[in-house]
Amino acid sequence: MKMIVAYIRHEAFEPIRADLLEAGFPSLTITEVKGSGRQKAITEHYRGSELAVHLRPKLKIECVVESKDVGVVKEVILRHARTGSVGDGKLFILPVEEAVRIRTGEDGEMVLQAHEGDEVTVNGDLG
Ligand SMILES: Nc1ncnc2c1ncn2[C@@H]1O[C@H](COP(=O)(O)OP(=O)(O)OP(=O)(O)O)[C@@H](O)[C@H]1O
Ligand SMILES: [Mg+2]
């Protein structure tokens, strides 16, 4: 199993989410983060003063998949996140040792698979 972690522009998320869902990967986590790449600070003006801004808002995507599925998930993220301008972000792939579905106690790669019974219904937590 692998975790794909990507730091992307906010605008790229919706098409990524739609294509991952379509490709059978509905499960992911996103976090609004701030980060810096290799560029120097951008100068902004606030109430007449110059301000060096080192951190830019980004979206962090975390998606754990079977190792065989890394290629397709990576391709979807790169396709939508790349504009060709500086600040497009970075993608990392990390090894994952174990996965457990907390509700049932099941573990291993099987807990990563989406299947037909997993459609969202409006009862309890929608996660
Ligand atoms: N090495 C890194 N470790 C952790 N997060 C990173 C790393 N590099 C980039 N990021 C995250 O990705 C965001 C976007 O990085 P960015 O695209 O500016 O990278 P870059 O290396 O400067 O490439 P570019 O030249 O295309 O701008 C950063 O704001 C940060 O949140
Ligand atoms: Mg940069």
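When a ligand or atom number is given, it counts from 1 through the structure's own listing order.
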Undergrad: Please say whether more than 12 non-hydrogen atoms of neighbouring residues, nucleotides or ligands are located less than 6.0 Å from CD in Glu32.
TA: no
Undergrad: With side chains defined as the heavy atoms from C-beta onward, is the minimum distance between Lys2 and Val73 less than 4.5 Å?
TA: no
Undergrad: Have a look at ligand 1 and work out which part of Arg38, if any, has a heavy atom under 4.0 Å from it: side chain, backbone, both or neither.
TA: both
Undergrad: Using a strict 4.0 Å cut-off to heavy atoms of Phe92, name the atoms of ligand 1 that fall inside it.
TA: 1 (N), 2 (C), 3 (N)
Undergrad: Heavy-atom distance under 4.5 Å between the side chains of His80 and Glu14, does that happen here?
TA: no
Undergrad: Looking only at heavy atoms, which two atoms of Ala12 and Ala81 are closest? And how far apart?
TA: CB-CA, 3.8 Å
Undergrad: Is any side-chain heavy atom of Val111 closer than 4.5 Å to a side-chain heavy atom of Val100?
TA: no
Undergrad: What protein N/O/S atoms are found closer than 2.8 Å to the Mg ion (ligand 2)?
TA: Gln39 OE1
Undergrad: Identify the protein heavy atom lying closest to atom 9 (C) of ligand 1, giving its residue, its atom name and the separation to 0.1 Å.
TA: Lys90 CG, 3.4 Å
Undergrad: What atoms of ligand 1 come closer than 4.0 angstrom to any heavy atom of Asp88?
TA: 17 (O)
Undergrad: Could you walk me through whether Arg9 and Glu11 pass the salt bridge (charged side-chain N to carboxylate O under 4.0 Å, His left out) test, one step at a time?
TA: CA-CA 5 Å; Arg9 300 179 197 276; Glu11 314 86 87; 5.0 Å; no
Undergrad: Hey, which atoms in ligand 1 end up nearer than 4.0 Å to a heavy atom of Gly87?
TA: 16 (P), 17 (O), 18 (O), 24 (P), 26 (O), 27 (O)
Undergrad: Sequence neighbours excluded, which residues qualify as side-chain contact (heavy atoms from CB on, under 4.5 Å) partners of Val96?
TA: Met1, Met3, Val64
Undergrad: Return a yes/no value for Gln39: is any of its N or O atoms, backbone included, closer than 3.5 angstrom to an N or O of ligand 1?
TA: yes
Undergrad: Heavy atoms only: which of Gly84, Ser85, Ala81, Ser36 is nearest to atom 28 (C) of ligand 1?
TA: Ser36
